**Q** 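What follows is a structure written as structure tokens; I'll ask about it next.
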Amino acid sequence: MSHLDTRAKLAILADAAKYDASCASSGTVKRSSAGGKGIGSTEGSGICHSYAPDGRCISLLKILLTNSCIFDCHYCINRKSSNVRRARFTVDEVVKLTLSFYKRNYIEGLFLSSGIIGTSSYTMEQLVRVAKELRTVHDFRGYIHLKTIPDADPALIEQAGLYADRLSINVELPTETGLNKLAPEKSAGRIRTAMRELKAGIDDNRDARAKYRSAPRFAPAGQSTQMIVGADAATDSDVVASAAALYGKFGLRRVYYSAFSPIPDASAVLPLVRPPLMREHRLYQADWLVRFYGFAASEVQDATDDGMLPLDIDPKTAWALKHRDDFPVDINRAPREMLLRIPGMGVRTVNSVLRARRQRRLRLDDLGRLTRSIERLRPFVVAADWRPLALAESAVIRRTLVKPERAQLELF
Ligand code: SF4
């Protein structure tokens, strides 16, 4: 590894980190240095995010400790056999960078991951040292997300939870078959064991803090994971099932979906083209349906065609078109869980409808004022002055809902 200055390392290691989608900082405890003590804050202004060319929102200081790795996962640009330029930060460099970016108000915190160098435990120890130094030496109160390495000594992961807000362990691929094929050195069993242990630590800490407020916090923003989509043959149905199992078994705060990006000198086992970004978007919508709209994973799977969510309409609309018998829904009488199933009605709109209908019977215009597009809702609702004349065919509704793609006109 040639000698590089910090700026050159930052260019390499921030670029190498952009493939990790799990960077949101929501859900942690509020800490602030507004009273003049400490540095940083997990809330308020001064947060600078940037967008990668592929459209993902990334934190400015989202870096790898190193992009060297002893593993050879096919889908990863940092794998052992890749000929990318390598770099490695020292613990001290990451600490200094974090503090200086924070003081300049560039970032809301640190997202730190790493390729595996030496051993999993050695790498994890380096990551923990960064978080520990920030918290204990510099009284850093900003957000810290550490990527953890499943094979590392559990004692290190326990320490990581004392300093980081969120810990994450990537499941990498939706199915064990995919993992065995594309990351043969990783083990689905070990990944799940590490997630289970992390969940136990988080649960124990919750109990301890319920009894003793002074008990130290452990990963207060919980654990998350990331799944690469489109690198193997897994369908959306597989992805939805896998995510539901992860939420159910390990109490994850988030599952992030990352559309596979083709990499230079890619292995022959990988697809040549990336999946449409819309696929990633539809999976996030499906995830939302399960977490906030009361859909079972099997119902979302029911909205797929041959296992794949349609790209031209959102999963909730796809489900509604396959269940025309459940519609139209009377917005003045239906229970909350049924209102949440109406395409085009979000949680906030449903809450507004529930409040408003206590005062009077709602008309279509009233609904129009509470939503962004009444056109999308018409076929699915009954209001005081509105009932769809006949149950239109799903195909007809679908045609009216899908807007034709705009194309640049040819001038010559
Ligand atoms: S272990 Fe992580 S960094 Fe190393 S090759 Fe696999 S995915 Fe890439």
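First listed ligand is number 1; within each ligand, the first listed atom is number 1. These figures come from a predicted structure and were not determined experimentally.
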**Q** Does any N or O in the side chain of Tyr284 come within less than 3.5 Å of the main-chain N or O of Arg279, such that one atom is a donor and the other an acceptor?
**A**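 No.
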**Q** Quick one, Tyr75 and Glu172 - any side-chain contact, counting heavy atoms below 4.5 Å?
**A**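 In contact.
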**Q** Using 30° and 60° as the class boundaries, would you call the ring planes of His145 and Tyr143 parallel, tilted or perpendicular?
**A**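 If you compare the ring of His145 with that of Tyr143, the planes turn out perpendicular.
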**Q** For ligand 1, which atoms, with element, lie under 4.0 Å from some heavy atom of Gly115?
**A**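 Result: 3 (S).
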**Q** Are side-chain heavy atoms of Lys181 and Asp232 found at a separation under 4.5 Å?
**A**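 A side-chain contact is absent here, since even the closest heavy-atom pair is not under 4.5 Å.
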**Q** Report yes or no: does a heavy atom of Lys186 sit under 4.0 Å from some atom of ligand 1?
**A**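 Yes, that is the case, since the closest heavy atom of the residue is under 4.0 Å from the ligand.
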**Q** For atom 6 (Fe) of ligand 1, which protein heavy atom lies nearest, and how many Å away is it?
**A**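 For atom 6 (Fe) of ligand 1, the nearest protein heavy atom is Cys73 SG, 2.3 Å.
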**Q** Is NZ or CZ of Lys62 both nearer than 6.0 Å to the six-membered ring centre of Phe111 and within 45° of the ring axis?
**A**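 Lys62 over Phe111 ring: yes.
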**Q** May I ask you to check if any N/O/S atom from Cys76 comes under 2.8 Å of atom 8 (Fe) of ligand 1?
**A**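 Here the distance criterion (N, O or S atom, under 2.8 Å) is met by Cys76, so yes.
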**Q** Indicate if the distance from atom 4 (Fe) of ligand 1 to the nearest N, O or S atom of Cys69 falls below 2.8 Å.
**A**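 It does: Cys69 brings an N, O or S atom closer than 2.8 Å to atom 4 (Fe) of ligand 1.
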